[in-house]
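Have a look at the structure below, then the notes.
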Amino acid sequence: MRTPVFTGTCTALVTPFDENGTINYDAFGKLIDDQIAGGVDAVCVCGTTGESATMSIREHIAAVDYCVEKVNHRVKVIAGAGSNDTAHTVRMVEQTQEAGADAVLVVMPYYSRPSQDGIVGHYKAVDESAEKPIIVYDVPGRTGLKVKVGTYDRLAELEHVKAVKDATGDLAAAVEKQQRTGLAWYSGDDGLFLPFLSIGAVGIISVIAHVASNPMQQLVQAFDRGDITTARRLANQLAPLVHALNGDGYQAVMAKAALKVKGVIPSTTMRLPNIGPDATQLDKAEEGMRAAGLL
């Protein structure tokens, strides 16, 4: 297997905004410190959960630059750098690398639904401009793409492609893809963290880790030492939180709701077309956290 960028838990960070919609760097810094204190192994900045699609290139790079400086080598920093435009993606990869990210997370091209050759061409162009490891993000629910196993074989031939964030929900296919490619595998679904570990994944890029980084770390540590009973107990304990934050498909909204309940961020402001959580969603986040024993 390729050397992983990180092992364990990585939080797909939200981007805190002020009421006027500008990045609140004080809150961002508090969030980063809170995650590191909770024991995460990495943070992912400006991914989907970070509302990167609503940010200008200048804002995006400034946020990555701030995160790298704030983290100060305490954990790994993964920068979201994906787009449905290959040329734009290449520019983002180049600039996030220059900002000091340890790796880049590049989502499959969304909406345009390219052919399998088009997918390979997209990542080949990115690979040619990359110096840091590339994590391929396969999330068909958002991209509309069905990526064939043979396409993974071709992606694995690229020099800088080292890992996959798998949000396909297809465990059987993940086994075959890992075995054929030797790429490091990360769960992209909180509810499938333990099943993915059981088939060889080395970690997760998580939403619920915003408020559950410590039990997530306990889960992977229990699994690694062969204590499956404890790992299963923790997975079951976290299930209500997984449902609360992920069940309706508004992960970024609900992550901000949970962080507001926890007191980490002062505002749940989001940029359109996303709308910040309403009272019902805040209550749902709180109920999920209580049911998981986090409040």
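The analysis underlying the following values was restricted to heavy atoms, covering all of them including side chains, and did not include hydrogens, waters or symmetry mates. If you read the sequence from its start, that first residue is 1, and numbering goes on from there.
- Panel note: side chain Gln95, backbone Ile61; no donor-acceptor pair is recorded below 3.5 Å.
- The OG1 atom of Thr7 lies 10.5 Å from the CG atom of Leu197; values are rounded to the nearest 0.5 Å.
- Among pairs with a residue in residues 184-193, those fulfilling side-chain hydrogen bond (donor to acceptor under 3.5 Å, both in side chains) read Asp166-Trp185, Asp190-Ser206, Asp190-Asn246, at least two apart in sequence or across chains.
- The two residues Met254 and Ala244 have their closest heavy-atom pair at CE-O, 3.5 Å.
- Legend: side-chain hydrogen bond (donor to acceptor under 3.5 Å, both in side chains) pairs involving residues 272-285, not counting sequence neighbours, sorted by first then second residue: Asp248-Lys284.
- Proximity of a side-chain donor or acceptor of Arg113 to a complementary backbone N or O of Pro109 within less than 3.5 Å is not detected.
- In this structure, Ile204 is a member of the same hydrophobic cluster as Leu241, with clusters built from ILVMFWY side-chain heavy atoms closer than 4.5 Å.
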Exercise for the section: Apply side chain to side chain contact (heavy atoms under 4.5 Å, CB included) to the pair Asp26 and Lys30, showing each step before the final yes or no. Expected result: CA-CA 6 Å; Asp26 288 340; Lys30 182 178 180 181; over 6 Å; no

Handout entry: side chain to side chain contact (heavy atoms under 4.5 Å, CB included) assessment of Asp117 paired with Arg154
Key = CA-CA 10 Å; Asp117 286 342; Arg154 297 165 68 189; 2.9 Å; yes

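- Cluster membership for Phe196 and Val202, using ILVMFWY side-chain heavy atoms within less than 4.5 angstrom, is not shared.
- No single ILVMFWY cluster, assembled from side-chain heavy atoms under 4.5 Å apart, contains both Ile135 and Val40.
- More than 12 non-hydrogen atoms from other residues, nucleotides or ligands lie less than 6.0 angstrom from NZ of Lys132.
- Between the side chain of Asp227 and the backbone N or O of Thr230, at least one donor-acceptor pair lies under 3.5 Å.
- In Arg225, the CZ atom is crowded: over 12 heavy atoms of neighbouring residues, nucleotides or ligands sit closer than 6.0 Å.
- In this structure a side-chain-to-backbone donor-acceptor pair under 3.5 Å is missing from Glu69 to Val64.
- Counting only distance, with no hydrogens or angles, the side chain of Asp41 and the backbone of Thr9 share a donor-acceptor pair below 3.5 Å.
- Between the CD atom in Gln35 and the SG atom in Cys10 there is a gap of 9.5 Å [rounded to 0.5 Å].
- A heavy-atom distance below 4.5 Å is not found between the side chains of Ile265 and Asn24.
- Atom-to-atom distance recorded for Leu219:CG and Asn214:CG is 11.5 Å, nearest 0.5 angstrom.
- The line from CG of Leu155 to OG1 of Thr181 is 9.0 Å long, rounded to the nearest 0.5 Å.
- Tracing side-chain contacts under 4.5 Å through hydrophobic residues (I, L, V, M, F, W, Y), one never reaches Tyr137 starting from Val147; they form parts of separate clusters.
- The nearest pair of heavy atoms linking Ile199 to Leu171 is CD1-O, 3.6 Å.
- A ring-ring contact (aromatic ring centres under 6.0 Å, His included) check over residues 41-66, counting only residues at least two apart or in different chains, returns the pairs Tyr25-Tyr66, Phe28-Tyr66.
- Residue pairs meeting the ring-ring contact (aromatic ring centres under 6.0 Å, His included) criterion with at least one member in residues 71-123, sequence neighbours excluded, do not occur.
- Using a distance-only test at 3.5 Å, with no hydrogens or angles considered, a donor-acceptor pair links the side chain of Asp102 to the main chain of Val77.
- The main-chain N or O of Lys148 is found under 3.5 Å from a side-chain atom of Gln116 such that the two form a donor-acceptor pair.
- With hydrogens and angles ignored, the 3.5 Å screen pairs no side-chain donor or acceptor of Thr269 with any backbone N or O of Gly21.
- Looking at Glu51 and Thr15, their side chains never bring a donor and an acceptor atom within 3.5 Å of each other.
- With a 4.5 Å cut-off on side-chain heavy atoms, Thr89 and Met92 do not count as touching.
- Using a cutoff of 4.0 Å between basic side-chain nitrogens and carboxylate oxygens, Arg271 and Glu59 are scored as salt-bridged.
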Exercise for the section: List the steps and the verdict of side chain to side chain contact (heavy atoms under 4.5 Å, CB included) for Val136 and Lys162. Expected result: CA-CA 8 Å; Val136 172; Lys162 304 296 184 185; over 6 Å; no

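- Thr22 and Asn20 share a side-chain donor-acceptor pair at under 3.5 Å.
- Within the 4.5 Å cutoff, the side chain of Pro140 has no heavy atoms near those of the Leu145 side chain.
- Shortest non-hydrogen contact noted between Val5 and Pro133 is CG2-CB, 3.9 Å.
- Distance OG/Ser267 to NZ/Lys260: 7.0 Å, rounded to 0.5 Å.
- Distance CG/Leu238 to NE2/His243: 14.5 Å, rounded to 0.5 Å.
- In this structure, Arg2 contributes its side chain and Ala156 its backbone to a donor-acceptor pair below 3.5 Å.
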Handout entry: Worked verdict on Val90 versus Glu94 for side chain to side chain contact (heavy atoms under 4.5 Å, CB included)
Key = CA-CA 6 Å; Val90 167; Glu94 290 172 344; 3.7 Å; yes

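- Shortest non-hydrogen contact noted between Ser112 and Asn84 is OG-O, 4.3 Å.
- At distances below 3.5 Å, not a single donor-acceptor pair connects side-chain atoms of Gln178 with backbone N or O atoms of Leu183.
- When all heavy atoms are compared, the tightest approach of Ala255 to Val207 is CB-CG1, 4.0 Å.
- Side-chain heavy atoms closer than 4.5 Å link hydrophobic residues (I, L, V, M, F, W, Y) into clusters, and following such links, possibly through other members, connects Tyr152 to Val161.
- Considering all non-hydrogen atoms of both residues, Leu13 and His210 come closest at CA-NE2, 3.4 Å.
- Considering only residues two or more places apart in sequence or on other chains, Arg180 meets the side chain to side chain donor-acceptor pair (under 3.5 Å) condition with Asp153, Glu176.
- Contact check for Met108 versus Ile119: side-chain heavy atoms found under the 4.5 Å cut-off.
- Within a 6.0 Å radius of CD1 in Ile275, other residues, nucleotides and ligands contribute 12 heavy atoms or fewer.
- By the 4.5 Å heavy-atom criterion applied to side chains, Thr11 and Met216 are not counted as neighbours.
- In this structure, the side chains of Lys70 and Asp33 come closer than 4.5 Å at one or more pairs of heavy atoms.
- By the 6.0 Å contact criterion, NZ on Lys262 is enclosed, its count of non-hydrogen atoms from other residues, nucleotides or ligands being greater than 12.
- For Gln251, the side chain to side chain donor-acceptor pair (under 3.5 Å) test picks out Arg142, with sequence neighbours left out.
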